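Dropping the structure in here first, questions after.
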Amino acid sequence: MRTYELTTTALLTAVLYIVYTMGSFVMYVELFNFMLVVYGLYFKRKQAWTATVLFTLLLIITRGLAPWTLMYLLLFPQYVLIYAWIKKKTSSEIVFAIVGGMLAFCCGTIIDLPYILIANLGYEALLARLLLGFQVSLGNLLCTFLAVLFLLKPLGKALARIAPHTVDR
């Protein structure tokens, strides 16, 4: 990696960490999944993926090694790759919003998988846990969907002006 790319990757990692931390203070309103959409759509695949992996490693260092931080390491870089792949197939903001919203909705449940498997929950307990988790997931879906519809294009234009050599769109 060149120095410019390395610096940009470090800044992208820092921005993800800041957005994640700010989002953890307000329940149901978080723009972290939206930022993953932005990274997947507007930055080079390798750079966006690397920044996301570095973010999860930074999170493991600062918050500790736990099943949920390991799930972040497995999940979030794959989300960026999914968005980068979709970018090649379409340029529709509606598609980006729907896919981003659905992946944001699934995020919490996927991160909970280790706990669900370790707890060996019965049918009723599993259903209760999933239904209680859906209230947060619906908030994430709505936030990500609306953010993609209303903030994606203006943020993309701003990124193209700020870092024209990095933006891949």
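The structure presented is a predicted model; accordingly, all values stated were derived computationally and were not measured. If you read the sequence from its start, that first residue is 1, and numbering goes on from there.
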Practice task
Heavy atoms only: give me the nearest W49-P77 pair and the separation to one decimal.
Solution key: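 Result for this residue pair: NE1-CB, 3.2 Å.
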Exercise for the section: Using the side chain to side chain donor-acceptor pair (under 3.5 Å) rule, collect all pairs that involve residues 99-110, keeping only residues at least two apart or in two chains. Expected result: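 Non-adjacent pairs meeting side chain to side chain donor-acceptor pair (under 3.5 Å): zero.
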Handout entry: Hydrophobic cluster identity match, L81 and F96, side-chain contacts under 4.5 Å
Key = no
Practice task
Please answer: with hydrophobic residues joined when any side-chain heavy atoms are less than 4.5 Å apart, are I110 and V37 in the same cluster?
Solution key: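 Yes, it is one cluster - the side chains of I110 and V37 are joined through contacts under 4.5 Å.
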Exercise for the section: Measure the spacing between CG of L75 and CG of L113 and express it to the nearest 0.5 Å. Expected result: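 Here the interatomic distance stands at 9.5 Å.
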Problem - Residues which pass ring pair (Phe, Tyr, Trp, His ring centres under 6.0 Å) with F150, listed by chain and number, not counting sequence neighbours - result: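 F150: no ring pair (Phe, Tyr, Trp, His ring centres under 6.0 Å) contacts found.
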Practice task
Please list, chain by chain and in numerical order, all residues satisfying side-chain contact (heavy atoms from CB on, under 4.5 Å) with L149, sequence neighbours excluded.
Solution key: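 I94, A97, F145.
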Practice task
Verify, without hydrogens or angle tests, whether E5 (side chain) and R2 (backbone) share a donor-acceptor contact under 3.5 angstrom.
Solution key: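 Yes.
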Handout entry: Shortest non-hydrogen separation from V80 to A48 and the atoms involved
Key =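 The pair with the smallest heavy-atom distance is CG1-CB, 3.5 Å.
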Handout entry: L6 CG to Q47 CD distance, which is reported to the nearest 0.5 Å
Key =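 L6 CG to Q47 CD: 9.5 Å, rounded to 0.5 Å.
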Exercise for the section: If a pair satisfies salt bridge (Lys or Arg N to Asp or Glu O under 4.0 Å) and one of its residues is in residues 48-69, list it, with sequence neighbours excluded. Expected result: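 Every candidate salt bridge (Lys or Arg N to Asp or Glu O under 4.0 Å) pair involving residues 48-69 fails, so no pair, neighbours aside, qualifies.
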Exercise for the section: Kindly state each residue pair satisfying side chain to side chain donor-acceptor pair (under 3.5 Å) with at least one member in residues 149-159, sequence neighbours excluded. Expected result: E93-K153
Completion exercise
Those residues at least two apart in sequence (or on a different chain) that pass side chain to side chain donor-acceptor pair (under 3.5 Å) with T144 are none
Problem - Transitive ILVMFWY side-chain link L57 to L65, under 4.5 Å - result: yes
Problem - Min side-chain heavy-atom separation L152-Y42 under 4.5 Å - result: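 They are in contact (side-chain heavy atoms under 4.5 Å apart), so the answer is yes.
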Handout entry: Pair listing, ring pair (Phe, Tyr, Trp, His ring centres under 6.0 Å) test, anchored in residues 58-77, at least two apart
Key = Y20-Y72, F32-F76, W68-Y72, Y72-F76
Fill in the blank from the handout: CG (L31) and CG (L36) are apart, to the nearest 0.5 Å, by 11.0 Å
Problem - Inter- and intrachain pairs under salt bridge (Lys or Arg N to Asp or Glu O under 4.0 Å), touching residues 98-127, at least two apart - result: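 Non-adjacent pairs meeting salt bridge (Lys or Arg N to Asp or Glu O under 4.0 Å): D112-R129.
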Handout entry: For A84, side-chain contact (heavy atoms from CB on, under 4.5 Å) partners two or more places apart
Key = R45
Exercise for the section: Identify, with sequence neighbours excluded, every residue that meets side-chain contact (heavy atoms from CB on, under 4.5 Å) alongside V15. Expected result: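 Here the qualifying residues are V19, M35, Y39.
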Practice task
Would you please say whether a donor-acceptor pair under 3.5 Å links the side chains of Y79 and T52?
Solution key: no
Exercise for the section: Verify side chain to side chain contact (heavy atoms under 4.5 Å, CB included) between F34 and L155, making sure each step is shown before the conclusion. Expected result: CA-CA 11 Å; F34 168 67; L155 188 57; 3.9 Å; yes
Exercise for the section: To the nearest 0.5 Å, tell me how far N140 CG sits from E30 CD. Expected result: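 Answer for the CG-CD pair, N140 versus E30, is 4.0 Å.
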Practice task
Look at the side chain of T9 and the backbone N and O of A51, then say whether any donor-acceptor pair between them is shorter than 3.5 Å.
Solution key: no
Practice task
Output all residues satisfying side chain to side chain donor-acceptor pair (under 3.5 Å) with T3, sequence neighbours left out; order by chain, then residue number.
Solution key: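 T3 satisfies side chain to side chain donor-acceptor pair (under 3.5 Å) with no residue once adjacent residues are dropped.
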Exercise for the section: For the pair L58 and L16, evaluate side chain to side chain contact (heavy atoms under 4.5 Å, CB included) and give the outcome as yes or no after the intermediate values. Expected result: CA-CA 10 Å; L58 181 62; L16 270 182; over 6 Å; no
Exercise for the section: Please answer: with hydrophobic residues joined when any side-chain heavy atoms are less than 4.5 Å apart, are F43 and I82 in the same cluster? Expected result: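 Hydrophobic grouping puts F43 with I82.
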Practice task
Determine the minimum heavy-atom distance between T90 and S92, stating which atoms define it.
Solution key: OG1-N, 3.2 Å
Exercise for the section: State the OG1-CD1 distance between T69 and I60, to the nearest 0.5 angstrom. Expected result: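 With rounding to 0.5 Å, OG1 (T69) is 4.5 Å from CD1 (I60).
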Handout entry: L141: side-chain contact (heavy atoms from CB on, under 4.5 Å) partners, not counting sequence neighbours
Key = M102, F105
Practice task
Decide whether W85 and V148 are clustered together by the hydrophobic rule: side chain heavy atoms of Ile, Leu, Val, Met, Phe, Trp, Tyr closer than 4.5 Å, transitively.
Solution key: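 Yes: a chain of side-chain contacts under 4.5 Å links W85 to V148.
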Problem - Distance, nearest 0.5 Å, that separates CG of L73 from CZ of F55 - result: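 The CZ atom of F55 is 10.5 Å from CG of L73, to the nearest 0.5 Å.
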